[in-house]
Structure formats: structure tokens, C-alpha cells
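What follows is a structure written as C-alpha cells; I'll ask about it next.
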Amino acid sequence: MLRLRYFKVMVGGIILAALVVCGLAAPLLAPFDPQEQRLESRLEAPAWLGGRAQANLLGTDNLGRDILSRIVYGSRISLLVGATTVVLAGLVGCFLGAVAGYFGRRVDEVVGKITEIFLAFPFLLLAIALMAFLGQGVINIIIALMVSRWVQYCRVVRGEVLSLKERDFVTAAKALGARDYYVLLRHVMPNTLASVTVVATFGMAIVIISEASLSFLGLGVPAHIPTWGSMLSEGRSYMNRAPWLTIFPGIAIFVTVFGINLLGDGLRDVLDPKLRRQI
Amino acid sequence: MAKQDTGISRRDFLKRGAALGVGAIVGHYVAEDGFAASRDRITIYHSSVADSINPYNHSSSPIYGQWQHIMEPLVEMNNDKLEYEGILAESWEFKEKKWVFHLRKGIRFHNGAPFTAKDVIFSIHRIKTDKNSLQRPNFKDVVEMEAPDDHTLLITLDQVHATFLDLVQNRFVLSKAHYDKFGDQMDQQAIGTGPYKFVSYQLGGNFVMTRNDDYWGPKPQIKEVVFRKVTEDAARVAALEAGQADLVNNVPIHEVARLQRHPRVRVETVEGLRMFFLALNPAHKPFDNKLVRRAANHSVDAPGIVKNIFDGNGFVCDGPVGRKVFGADPNLKRYPYDPKKSRELLAQAGYPTGIDVKFYYSAGRYPQDREVCQAIAAQMVKGGFRVELISQEWASFWGNSGVNGGKLPFYYIGRGSLIDADTLYDQYFRTGTSKRLGYSNPEFDKLIDEEQKTYDRKKRAAILRQAGKILMEDAPFVPLFNLADLYGVARNVIWKPPPDEKVLVADMKIR
């Protein structure tokens, strides 16, 4: 039981760490400039499948760009968008959730209505609508995804705070004369951290997939920045002649999302106080 | 007691299951005629279909082809003989500035009204005055129209115009009686004299027409026609393979070999008349500087694009127009691809560190345009241009907020049905004809004026060559190439594609 849990966290963590290294050290890891086009060697098969250009390990795309280099650089966008969105959405969601849960009544009602409004929209549809309105760009995609994602944190934190604020240690702190914000920050919020971490990890996986979806639809970052989603999109009309255009970015998305989900799953088990007590 | 049979045995179940599975997979290959085109209906998925119900709110060859099912022009180019043939006009003659068209008799519109010279006058008037008309420039020289009788039309131009028929083709005639009855609402039910009648139009949906059984000419074989705009290459090809579409245009070159092996589909090829080029609008910075425009010419490797992106299925322009176009000059050479020279020219123009430009196109309109434009952008980076590539919806790209309003500094475009250099020169480069390019050169304008007044074809070609030379000098554009037009067609449709991109169902037969 225990081993499996830590095993998940470890594998997930390794994958995420590899991704971070990949993103940070992209210029060192990528064998070519991801933008450099060599039209004369377009649609080269991967080197180990007998492609002529031995240098292109994963082959070249429809404009002769090296696919491996584009995947390596593409990880930057996935990471950047994933991490930033999760942090920003987390801050907004946690704040509103904590306030709503702790103060209850009117505040809770207002925040509750707002979250319901946001929940009423299908998540990706809301993001698409926002992107259509804001236009392409990394910052815009972060805004669009953040606006669509904060609700999850808000709901979880509110629920946790509702039960935490009735606990004895909170009553004790209040009895000692602690002010609301102090109680909230010092005694209540730290206890929600476990749940928030789990929501954030799963959220990151969803955000990475969403960024890929938006880029696939042409609503993501500008065309010249390599992203996994836009690689899939550009390669799809070559599925028959050159499947490596879509297979490798697809694998990259799959492995990343799988790793992060594994991490989230493991963290949930490890951090679950009830499970912890049983050990 | 014998054991009672309570149902199918396990083995039987597996057998049946396997048969069903195989059937499901193989079925659609076997049932070849199951969903191919029929005499009842043909479905065409095209990358450009009318974006408006106003038949004059465009100026694009494939869309002329769609409206031509419903409404007809006075004359039409015969692409084999390269001369004009009468459609609604039986014959015509001209003297100096006066043109006389003798109209065909006994033709009726779909609403039953007889076709007369008054309808032509009404239509030309609407093309000239409708604020949404994108065909206005064609009749800018028309000063007077008269109808001495129902079947004679007199048009007076403000100057002698040798290429007037180029402007009269593709101008479709609407029913005046229909306008008198419905006014501004007339476009809700398009009425013409064509072989097909309007059924319905949905923006982004189907454009449907049905056979006109009272048509004055030879009656088409296929009863119903559905056009649908699909700008995604892969989606058109997939629809063709699945039998949803019977005919698609712009088959990507890398799909040709595979489609040729398909049991229900074939690929038809024709050397297209559309000439692709990059417009460099001198009305916008930095393209007001001739050196910058020349640098752009040096920075684009058109032969490389044709060779690699189109696998050689294209024809690079050596001069301002393709070799086969009337008025082409075999002595002209394109600016050689030379990024170093481009950077030098930019430095001379005062941009030693390169320059930022925005490059516009409408993705999905033309064959593999995303790749072409990305390749051009990357090539130009080497020549010192930091290119930002921007794709717009066709309607906003082409309309008054874009190309036709003179708002775009630099864009990728193709001029269709280009047979005579005059068409391109007049439309894009002569001062005041359209706003597509803010280029203006009095010397060039004078040559075009002169050429348009010259009936002698040899002399006219010589003047066009002179004009072409000026264009190469001033470089308000980067001439690129003509492409092979590739159509995917269901095998049971008998049809030879024309070079002018008009898909006319009246010319098709079903096997």
C-alpha cells in the first residue's frame, strides 16, 4: 500500500522533473533551432526508420523543421502555461473559497452564485470564447484558462474551511483573541494545503491538455512559437504520409499528462490524513 | 428427452460476431455505389463558397462559378479557343467608345419574366452603385447605357476600351422585374436565367440549387447541387473518401498518390490560371520605399517553394506574370533569391538592423497556404524582415476592412482566371481602379490607358511588356507562381476541370 503510493509520487515526480529540465535546458537539449526550416528535407522520416537525414532523430515536419527540437521547445509553453495558470487560479480560487467558507452568509452566497455561473459554462468552451475575444498570445491563454479554472479551488477550499472553522483549535484561537485574518491564515488555510495541492496537480494536467487543444484549434499562441498542440494541428493533414508529425507530439502530451496525474494521485493518497493515520 | 435448443451456441455467436465485424469494416469498400454522386444530387466541398447572399459582394473565380449556375453573363471566355463566346448576348460589335450587344431572344428568368436589355442595364447599374458590390471597378468607364429595343443594348464608355469584354464576363444579369417587386429583399431569392434555380443559402452552411427544367440551353443531367465551404484540406479529403462529398478542390499534393488508389475517387489536374503573388502596398510603411520592396523580392525563394511544398507541381513566374499570359515578356527575369542582397538593400533604405512587418493571409483559401506563408515568412527573416504572420477570415481579409479597403500593407493573394496581363495590371496597379494596392505611377497608368485603347493585339502586347518592365523596376509586388489545380472527384462523375476554377455542374455527367 505504502510502496505503491510513493511509487506513484516518484514516477510522476520524475516525469515532471524531466519536463522542467527539458523546458529550462531547451537550448542545450534541442539538436536544432526549432524554427529553422529546411524545405528541401521536409517530411523526413525519423532517423531510426531510415530517414535520409541521420541527424533528425524524430524526423522533420512539413516545413523541414526538426521535430525533436520542436517538442523540446514546446515543453516550455506547456510548463509555463500549466504552472502559471495553476498558481494564479489557485490564488484567486483559494482566496474567494476561504472568505466564502469562513465568513459564510452573504459573502458565501455571492461567491457561491459566481462560481455557479462559471460552472455553468463548459470549461473548454469558456476558454475558447475568451481566446476568441482576447486574441492569440501566451498571456491571453493564461488569462483564459485561469478564468475558467479558479472555480475548482474555490469549491474545494470553501468546503474544507466550512468544516475546519468549527474545529476546537479554531475556537481556541478565537478564545485567545486572535483576529479573523490571523485565524484564517495561520490555523485554517495550512490545513487546506493538502487538498489544494491535489487539485493543483490534477488542474495542471487539465490546463496542459487545454492549452494543446486551444493551440490545435489555432486559438493558442502565435503560429511561430512551437507548441505540442499546434504541432498536432499542422501535422494532421499528413497523418497518412508522415505520421511522425503527429505521433511524437501526441506521445509528449500523453506522457506529461500521465505523469502529472500519477503525481496527483500519489499525493492525494500520501497527504490524505485519514489514510495517514492508518499507517 | 432431447436437449432443447435454448438459443445460439457460443461458437455460432462468435462466428456471427466476426462476420458482422468484417462486414462493418469491409462494407463500405464493397458497396462502391452506395453513396457516390447520383443524377439526383451532387455535393461539392469547396475552399471558397459565396460568403454573402449578395451575388455582387465578391470578385473571385470559384464564386463566379457558383453563381453562374443561377445567373448568367453576356459573354464567357472559351478556355480552349481563348476567345469570347456569347451567352446571353448573341453577338456584339464596337466602334470607338460605343459597344452594341445583340441579346438572345426568348429567354425567361426563373420568375417567368422575359429577359430584356432593361435587365442588363439594371444589373450593371446595381454593380456600379450597390455599396456592397466588390465588382464596381469593372464598369467605372461606363458612362451611358441605352436600350433602343428589348434585345439591343448600347453601352458608351468614356474612352476606347479594347479589353472591355474582360470586364463584361462574369457580370451576371439579375431580373429587374424581381427587383421591382421585392426591392432590397431581392437577394433572399436569387432569380436569374441560369440552368439551376436558387433553393437556399446559409452562411457557412449549404448553398443549394435545383435544376431549371425550363432552361433555354441544353438541360443539365444532375438535378440538385449542394456547395459547402470547407476550408480545411484534410476535412475535404476525408469527406470525399467517406462519400459525403462528390467533388472537392485543392487536394493537398501529398494526398494525390493515395487518392488515386482509392476505389471510388480519382484526382483531376489542370494547369491553373491563378497567379499567386505577395502584394507590397506602397501606401503603407515601410513598403513606400522602393528599396524595401526590392529587398522583399530578393528574400523570397519561389522556386524552392514550388519544388518542395508542391513537389514541383507549379510554374514559377519569371516576370510580372506567368509565361503563358498575354503580354508576358520572355526577356524579364525575376529577382534572384539572395537574402544577403536583401539585407544590403534594407540597410541602404535605412534599416540596417532589419525591419518588422505584418504579413496577412486567409488560411485555407488557397492550396497549402499555411505552409506557403510560413515558408515565406521564414525565408524573409533571413533577408532581414522580421515577419509576423497573421491569418484572417476571408470576409474580413478581402472586404473593405482589408484588401479592398487598402488597409493591408503586405499580403498573400492569388489572381484567378489570368489570361491577359491587362486584367492584373489594371486591377492592382493602375491608379484608382481598386484600393487593393496604393501603387501609383503616371508613366505606368499612361501605358495601361494606351494599351486599353489599342485593338491591334501585337501592339497591345508590346505595350503590356513595357508596363511589365516598369512593374519589375518599381516592384510593388513579389510575383510567385501558378499552380496545378487538383480536384478530387468521385469516379462516376464525368468532368474535366477548367483552368479558371469554375466548377459548373451543368458540364458534368454521371456514369
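Atoms considered below: every heavy atom in the structure, side chains included; atoms not considered: hydrogens, waters and symmetry mates. Naming: A, B, ... by sequence-line order, numbering from 1 per chain.
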Any salt bridge between B:R266 and B:D246, counting N to O under 4.0 Å? no

Which bit of B:K307 is near chain A, if near means a heavy-atom gap under 4.5 Å: side chain, backbone, both or neither? neither

Region of A:L39 that comes under 4.5 Å of a non-hydrogen atom in chain B: both

Counting heavy-atom pairs under 4.5 angstrom with chain A, the leader among B:I390, B:I309, B:V237, B:V387 is B:I309

Would you mind telling me which of B:G304, B:A377, B:A375 has the largest number of heavy-atom pairs within less than 4.5 Å of chain A? B:A375

Please identify which of these residues, B:F276, B:Y361, B:F477, meets the ring pair (Phe, Tyr, Trp, His ring centres under 6.0 Å) condition with B:Y412. B:F276

Of the backbone (N, CA, C, O) and the side chain (C-beta and beyond), which part of A:E234 lies under 4.5 Å from a heavy atom of chain B, both, or neither? side chain

Is it true that A:R42 and A:D61 make a salt bridge, defined as a side-chain N closer than 4.0 Å to a carboxylate O? no

Can A:R236 and B:E232 be counted as an ion pair, charged N to O under 4.0 angstrom? yes

Student check: side-chain heavy atoms of B:H262 and B:E241 closer than 4.5 Å: yes

With a 4.5 angstrom heavy-atom cut-off, is it the side chain or the backbone of B:R370 that approaches chain A, or both, or neither? neither

